[in-house]
Structure formats: C-alpha cells, structure tokens
Colleague: 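Before I ask anything, let me first share the structure, which is written out below as structure tokens.
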Amino acid sequence: MIKIRWLGHACFLIEGKGTRLIIDPWIKGNPCCPIKLEELPKVDHLLITHDHDDHLGDAVDIAKRDNSKVIAIYELAEYLRGLGVKECIGANIGGWFEVDDISYMLTPATHSSIHGSPTGFMIKIDDFIIYHAGDTGIFNEMELLGRLYRINLAMIPIGGYYTMGIREAVMATMMISPRIVIPMHYNTFPAIKVNPERFKSIIRDLRPDIQVRILKPGEEMEF
Ligand code: NI
Ligand code: MN
C-alpha cells in the first residue's frame, strides 16, 4: 500500500515499502501546512526540487533531526552537505537510481535556482510511478515522459506567476497522461490564487480518462 498526504503548496509525504519520504518540506511558515514541524513523523528520504524557500523549507532541520537521506540535484546536495547535512545524494537529470528499494529519477523543470538546475522527481514504488513536476513552466519534453512511462499519479503546479497556470497545466497534464493528477502550488499566497475546480472541469471535458483529485491540505490518499 502507498499513502500520499498533501501538506500544502508543493509538499507531499509519501509512504511505501516501509519507507517514508517527503518532497519539498516547507512546514514552518507555510500558511497551508496543517501540521507543526514537531508533528512531522520521522522521514527516511527527503527530496528537494530546487533551492527556493518554499521548497527547501525545513529540509536542513528535518534531515539533521531524522538523519534522512537528502536527494537533490548535485549542486544543491553539495550545498546542503556544507550546511551540515550528513547523508546527501546528489544525482542529476537522466535515469533511474535506487535508494533503499525505491527508484528515483530527476526530471527537467523550466524554472530558476541558485544551486544547480531546478528539477522535478519521478518516484517508483514497485510498479507505481509518481511524477512531481516541481516548479515549472510547460515544456515539450513532458510528452516524452508520458510516452516513456505509465505515470499513475502526477502532481502539477497550476497557480501561475511562478509556474504554469491552469491553461498550461491542462495541456501539460494531457501530455503527461497520468491516471490521476493532483493540482498543487496554488492559493498559498495572493499571487498564485486560482480556482482548481476550473482545472478539474477542463480536464473532465478534454480527457475524462484522467482523474483530477483536488486535495485539502492534510488530506491523504491510499493506493
Ligand atoms: Ni521556485
Ligand atoms: Mn515555488
């Protein structure tokens, strides 16, 4: 069984095969996060898409507290090592690699960052493939990802301003062609205020085979 819990913005907590991982752990100061940092259970793997504050978040504190393995693009991983994080796995965009029975792949993202390129993540737990797009605009290679892999679940930013807005996110979702899509990175602050129901209704019209799940922060799904 795989459990996926949205902690608001781009932060997801995922459990599978006895491993707990967190993506973009912005908890303190995240107006949408329903839990306090002290309430976060021990995390084994910590995935960071890029170094912006709303993604790097509490990564260093959590990694030190839990001795988590931090997985990020090479330059960001090395930067975190310099801040005293012990277990840093610095990969790069390309192919799959395994960490404790879970497979990961870094994907491109069209965005900015200081430490290395911004990325998304593919996460494979048994045959279940999750794609977290990170902060990104739309780019054509998303279609390749959809052709290369049968993606079960995609997390896609829809808030605009810093990432794709709804129109681009709809097209991206159709290119990726996941079984289920969860919109993220919206309504955290005024600049990214959108109505996710619009995203849902356009997908329902154009691609009724793709299920849109609008989660409330804190809500959990099981597979
Ligand atoms: Ni960003
Ligand atoms: Mn962001």
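This one's a predicted model, so the numbers in the text were calculated from it and none came from an experiment. We count ligands from 1, going down the list as the structure has it; atoms in each ligand are counted the same way.
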Colleague: Could you please give the number of protein N/O/S atoms within less than 2.8 Å of the Mn ion (ligand 2)?
Modeller: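 Near the Mn ion (ligand 2), the number of protein N, O or S atoms below 2.8 Å is 4.
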Colleague: Just checking Y131 against F121, ring centres under 6.0 Å apart?
Modeller: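 Ring-ring flag for Y131/F121: false, centres at least 6.0 Å apart.
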Colleague: Students often mix this up, so state it plainly: with edges at 30° and 60°, are the rings of Y79 and H115 parallel, tilted or perpendicular?
Modeller: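 Ring orientation of Y79 relative to H115: parallel.
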Colleague: Any ion pair linking D44 and K69 (charged N to carboxylate O, less than 4.0 Å)?
Modeller: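 Not counted as a salt bridge, because no side-chain N and carboxylate O are separated by less than 4.0 Å.
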Colleague: Should the pair W96 and Y149 be assigned to parallel (<30°), tilted (30 to 60°) or perpendicular (>60°) ring geometry?
Modeller: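 The arrangement is perpendicular - the two ring planes meet at more than 60°.
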Colleague: For E78, is there an ion pair with R81 - N to carboxylate O distance below 4.0 angstrom?
Modeller: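 Looking at E78 together with R81, the answer is yes, because their closest N to O distance falls below 4.0 Å.
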Colleague: Going by the angle between their ring planes, with limits at 30° and 60°, are Y162 and H185 parallel, tilted or perpendicular?
Modeller: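 Rings of Y162 and H185: perpendicular, over 60°.
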Colleague: What does the angle at the Ni ion (ligand 1) come to, between atom ND1 of H52 and atom NE2 of H111, rounded to 10°?
Modeller: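 Output for this angle: 90°, rounded to tens.
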Colleague: Would you say H50 has an N, O or S atom lying under 2.8 Å from the Ni ion (ligand 1)?
Modeller: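 Yes, within the cut-off.
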Colleague: Going by the angle between their ring planes, with limits at 30° and 60°, are H9 and H55 parallel, tilted or perpendicular?
Modeller: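 Taking H55 first and then H9, their aromatic rings sit tilted (interplane angle of 30° to 60°).
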Colleague: Regarding D135, does it place an N, O or S atom less than 2.8 Å from the Ni ion (ligand 1)?
Modeller: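 Checking the Ni ion (ligand 1) against D135, an N, O or S atom does fall under 2.8 Å.
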